[in-house]
Asks: 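To start, I am sharing the structure in question, which I have written as structure tokens.
Just so you know, these numbers use all the heavy atoms, side chains as well, and skip hydrogens, waters and symmetry mates. Reminder, nothing fancy here: chain letters follow the sequence lines and each chain counts from 1.
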Amino acid sequence: EVQLVESGGGLVQPGGSLRLSCAASGFTLSSYWMHWVRQAPGKGLVWVSRISNDGNSMTYADSVKGRFTFSRDSAKNTLYLQMNGLRAEDTAVYYCARAHISGSVDYWGQGTLVTVSS
Amino acid sequence: EIVLTQSPGSLSLSPGETATLSCRASQSVGSSSLGSSSLAWYKQKPGQAPRLLIYGAAIRATGIPDRFSGSGSGTDFTLTISRLEPEDFAVYYCQQYGGSPEVTFGQGTRLDIK
């Protein structure tokens, strides 16, 4: 069974850092492209970042470029989102998600809440 | 950047009725490696992660009943939900995954019970 379990969310002050983790099971990360998608409270879905199946290519939304870094540990089958320079507008539930062969997203984690506030 | 605009913003219908949701792209949505439009639809209930319903504009994801159908190409896409059931009342998002940035979502359509 495919499962994605995020962790690492919490309350952080503006300008601070946080690292989110996403533990994958039921499949191998090296076979799939993966995404981070976020959702501010009461708002819609916003794409954040993508990593290729070989882990060599990452792309980012303009709003997080230069502040967020998407990486993975193949041995642990785990993804990471390092978030630096956090702003109030980064407050959201962060989902990791698996890309379907079509390019859409077929599996989502349950999400982890990041709150940026003083 | 491809901007997706969903309409209506909200819709109130009764169980058994048919819902028609629209998604319009600011420019043509490209085709995926599968040869179909790079447009997907998701359903999200409160407190839950989104669930894939349709990909390739018209292909139902695994386990999705045939009450859900997608259509369209280019810039105009539609999700139709027939014979609405209580569990269908949720927020629906369209998504394009063939442009730049790689992925964008519409703002969502809320489907409420009348």
Asks: Identify the heavy atoms of A/Ser102 and B/Tyr97 that sit nearest to each other, and give their distance.
Replies: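 Residues A/Ser102 and B/Tyr97, closest heavy atoms: O-CE1, 2.9 Å.
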
Asks: What pair of heavy atoms forms the shortest contact from B/Tyr93 to A/Leu45, and how long is it?
Replies: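 Heavy-atom minimum between the residues: CD1-CD1, 3.7 Å.
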
Asks: Would a hydrophobic clustering, with Ile, Leu, Val, Met, Phe, Trp and Tyr connected at side-chain separations under 4.5 Å, put A/Trp33 with A/Tyr60?
Replies: no

Asks: Heavy-atom cut-off 4.5 Å, strictly under: side chain, backbone, both or neither for B/Ala49 against chain A?
Replies: both

Asks: When you measure from the side chain of B/Tyr42 to the backbone of A/Val105, do you find a donor-acceptor pair of N or O atoms at a distance under 3.5 Å?
Replies: yes

Asks: Do A/Asp106 and B/Tyr55 have side chains that approach each other closer than 4.5 Å (heavy atoms only, starting at C-beta)?
Replies: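 They are not in contact (no side-chain heavy atoms under 4.5 Å apart), so the answer is no.
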
Asks: To the nearest 0.5 angstrom, please state how far the CD atom of A/Gln39 sits from the CD atom of B/Gln44.
Replies: 4.0 Å

Asks: Please check if B/Phe77 and B/Leu111 belong to a single hydrophobic cluster, counting links between Ile, Leu, Val, Met, Phe, Trp and Tyr side chain heavy atoms closer than 4.5 Å.
Replies: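 Yes: a chain of side-chain contacts under 4.5 Å links B/Phe77 to B/Leu111.
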
Asks: side-chain hydrogen bond (donor to acceptor under 3.5 Å, both in side chains) with A/Ser57: which residues, sequence neighbours excluded?
Replies: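 Only A/Arg50 meet the side-chain hydrogen bond (donor to acceptor under 3.5 Å, both in side chains) criterion with A/Ser57.
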
Asks: Kindly check if the number of other-residue, nucleotide or ligand heavy atoms within 6.0 Å of CZ (A/Arg67) is above 12?
Replies: yes

Asks: Using the side chain to side chain donor-acceptor pair (under 3.5 Å) rule, collect all pairs that involve residues 11-21 of chain B, keeping only residues at least two apart or in two chains.
Replies: none

Asks: Between OG1 of B/Thr62 and NE2 of A/His100, what distance do you get to the nearest 0.5 Å?
Replies: 6.5 Å

Asks: Examine A/Leu20 and A/Met58 and state if one hydrophobic cluster contains both, with Ile, Leu, Val, Met, Phe, Trp and Tyr joined whenever side-chain heavy atoms are less than 4.5 Å apart.
Replies: yes

Asks: Distance from A/Ser104 atom OG to B/Ile54 atom CD1, nearest 0.5 Å?
Replies: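 Between atom OG of A/Ser104 and atom CD1 of B/Ile54 there are 10.5 Å.
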
Asks: Just how far is it from atom CH2 of A/Trp108 to atom CZ of B/Arg51, taken to the nearest 0.5 Å?
Replies: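 Atom-to-atom, A/Trp108:CH2 and B/Arg51:CZ are 13.5 Å apart.
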
Asks: Atom CG in A/Asp62, atom CD in B/Glu1: separation rounded to 0.5 Å?
Replies: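 Taking CG in A/Asp62 and CD in B/Glu1, the distance rounds to 7.5 Å.
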
Asks: Which pair of heavy atoms, one from B/Phe105 and one from A/Val37, lies closest together, and at what distance?
Replies: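 What the structure gives for the nearest pair is CE1-CG1, 3.9 Å.
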
Asks: For A/Val93, which atoms come within 4.5 Å of any heavy atom of chain B: side chain, backbone, both, or neither?
Replies: neither

Asks: Check whether A/Ile51 and A/Phe27 end up in the same hydrophobic cluster, where Ile, Leu, Val, Met, Phe, Trp and Tyr are linked by side-chain heavy atoms less than 4.5 Å apart.
Replies: yes

Asks: Do A/Met83 and A/Val12 belong to the same hydrophobic cluster, where Ile, Leu, Val, Met, Phe, Trp and Tyr are linked whenever their side-chain heavy atoms lie under 4.5 Å apart, directly or via other members?
Replies: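 Yes; A/Val12 is reachable from A/Met83 via cluster members.
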
